[in-house]
Chemist: 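Handing you this structure, nothing more for now.
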Amino acid sequence: MKKKSRIADFLQLQGAVVVYSLSTVAAKLASEHEFLSFKYIFFFGLEFVILALYAIIWQQVIKKFQLSIAIANKATTLLWSMLWNFIIFSTGITPFKVVGVLVVVLGVIIMNSEASAEEGHLSGSSEKADKEEKA
């Protein structure tokens with residue numbers, strides 16, 4: 001049961017990162033239009049709306065994670081930005097970009113696995129302390 005909630009928490013964290021990465025898309029779209037034109041203001045405003053939504057989601061997410069783990073997961077923004085650039089702006093994905101993103105994702109996986117190991121160790125020691133108190 002706890003593992004399922006952990007997966008749901010992780011998906012919520014990645015959802016926050018995806019929302020954050022969409023702000024870069026809105027910023028890029030704004031930059032393609034003349035300063036203070038209607039489309040510029042629209043996309044610039046959209047960026048602020050996305051960032052406000054992200055801030056609300058992020059505040060809920062960081063309650064469930066150590067801050068260092070949440071920030072490490074935020075690095076996956078690189079992956080999402082690379083995908084948005086490819087899908088929306090037809091920017092090529094080079095082998096160097098893929099390797100860079102893989103290194104970042106590997107680092108995030110390591111951080112998450114170490115946090116899970118620490119969490120298991122800490123909960124195990126607290127259960128032991130509870131048993132000793134009852135004895």
Side-chain angles (χ1 to χ4, degrees):
M1 175 88 176
K2 183 165 176 116
K3 188 168 186 160
K4 285 184 182 178
S5 68
R6 186 79 177 147
I7 291 170
D9 292 344
F10 177 75
L11 291 175
Q12 185 181 14
L13 175 59
Q14 283 304 304
V17 171
V18 169
V19 170
Y20 179 71
S21 71
L22 288 172
S23 71
T24 63
V25 173
K28 170 77 171 157
L29 290 169
S31 73
E32 294 178 347
H33 298 285
E34 185 179 333
F35 183 66
L36 294 181
S37 68
F38 174 77
K39 287 184 179 181
Y40 175 87
I41 293 170
F42 173 78
F43 288 119
F44 194 65
L46 180 61
E47 181 182 8
F48 278 104
V49 170
I50 292 169
L51 288 172
L53 177 62
Y54 161 74
I56 293 167
I57 297 168
W58 185 252
Q59 291 302 315
Q60 298 308 308
V61 167
I62 61 173
K63 292 177 184 177
K64 301 174 184 178
F65 292 92
Q66 295 175 14
L67 188 58
S68 61
I69 299 303
I71 296 296
N73 278 271
K74 196 172 173 186
T76 58
T77 302
L78 292 171
L79 169 67
W80 295 110
S81 295
M82 184 176 70
L83 289 174
W84 299 141
N85 275 320
F86 178 73
I87 293 168
I88 298 170
F89 302 108
S90 301
T91 303
I93 297 177
T94 66
F96 287 117
K97 289 179 184 177
V98 172
V99 169
V101 167
L102 288 176
V103 168
V104 169
V105 170
L106 182 63
V108 170
I109 290 169
I110 290 169
M111 286 288 292
N112 285 325
S113 63
E114 285 183 8
S116 294
E118 282 180 19
E119 197 172 274
H121 175 70
L122 291 176
S123 67
S125 61
S126 66
E127 288 173 8
K128 186 178 177 182
D130 289 343
K131 288 179 184 178
E132 289 174 359
E133 279 182 16
K134 290 179 183 176

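Both backbone and side-chain heavy atoms feed into the values below; hydrogens, waters and symmetry mates do not.
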Chemist: To the nearest 0.5 Å, what is the distance between CD (Q12) and NZ (K64)?
Modeler: 3.5 Å
Chemist: Apply side-chain contact (heavy atoms from CB on, under 4.5 Å) to K97 and N85, showing your working.
Modeler: CA-CA 12 Å; K97 289 179 184 177; N85 275 320; over 6 Å; no
Chemist: Specify the closest pair of heavy atoms between A16 and V61, including all atoms of both residues, with the distance to one decimal.
Modeler: CB-CG2, 4.4 Å
Chemist: Between atom CZ of F65 and atom CD1 of I71, what is the distance when rounded to the nearest 0.5 Å?
Modeler: 12.0 Å
Chemist: Consider only side-chain heavy atoms of I, L, V, M, F, W and Y, link residues closer than 4.5 Å, and tell whether I57 and L67 are in one cluster.
Modeler: yes
Chemist: Is it possible for you to say whether F96 and V101 belong to one hydrophobic cluster, with membership spreading through side-chain heavy-atom contacts below 4.5 Å?
Modeler: no
Chemist: CG/N73 to OG1/T77 distance, rounded to the nearest 0.5 angstrom?
Modeler: 9.5 Å
Chemist: Could you list the donor-acceptor pairs under 3.5 angstrom formed by side chains in residues 19-32, with sequence neighbours left out?
Modeler:
unit_1: S21; atom_1: OG; unit_2: V18; atom_2: O; d: 2.7
unit_1: S21; atom_1: OG; unit_2: W84; atom_2: NE1; d: 2.8
unit_1: S23; atom_1: OG; unit_2: Y20; atom_2: O; d: 2.6
unit_1: T24; atom_1: OG1; unit_2: S21; atom_2: O; d: 2.5
unit_1: S31; atom_1: OG; unit_2: K28; atom_2: O; d: 2.6

Chemist: Table please: side-chain donor-acceptor pairs of residues 39-55 below 3.5 Å, with sequence neighbours left out.
Modeler:
unit_1: Y54; atom_1: OH; unit_2: K74; atom_2: NZ; d: 3.1

Chemist: Give the cluster check for L102 versus I109: same hydrophobic cluster or not, with ILVMFWY residues linked at side-chain heavy-atom distances below 4.5 Å.
Modeler: yes
Chemist: Is it possible for you to say whether V103 and V108 belong to one hydrophobic cluster, with membership spreading through side-chain heavy-atom contacts below 4.5 Å?
Modeler: no
Chemist: Go through the structure and list residues passing side chain to side chain contact (heavy atoms under 4.5 Å, CB included) with I93, not counting sequence neighbours.
Modeler: M82, F86, V98
Chemist: If you group Ile, Leu, Val, Met, Phe, Trp and Tyr by side-chain heavy-atom gaps below 4.5 Å, do I56 and V17 land in one group?
Modeler: no
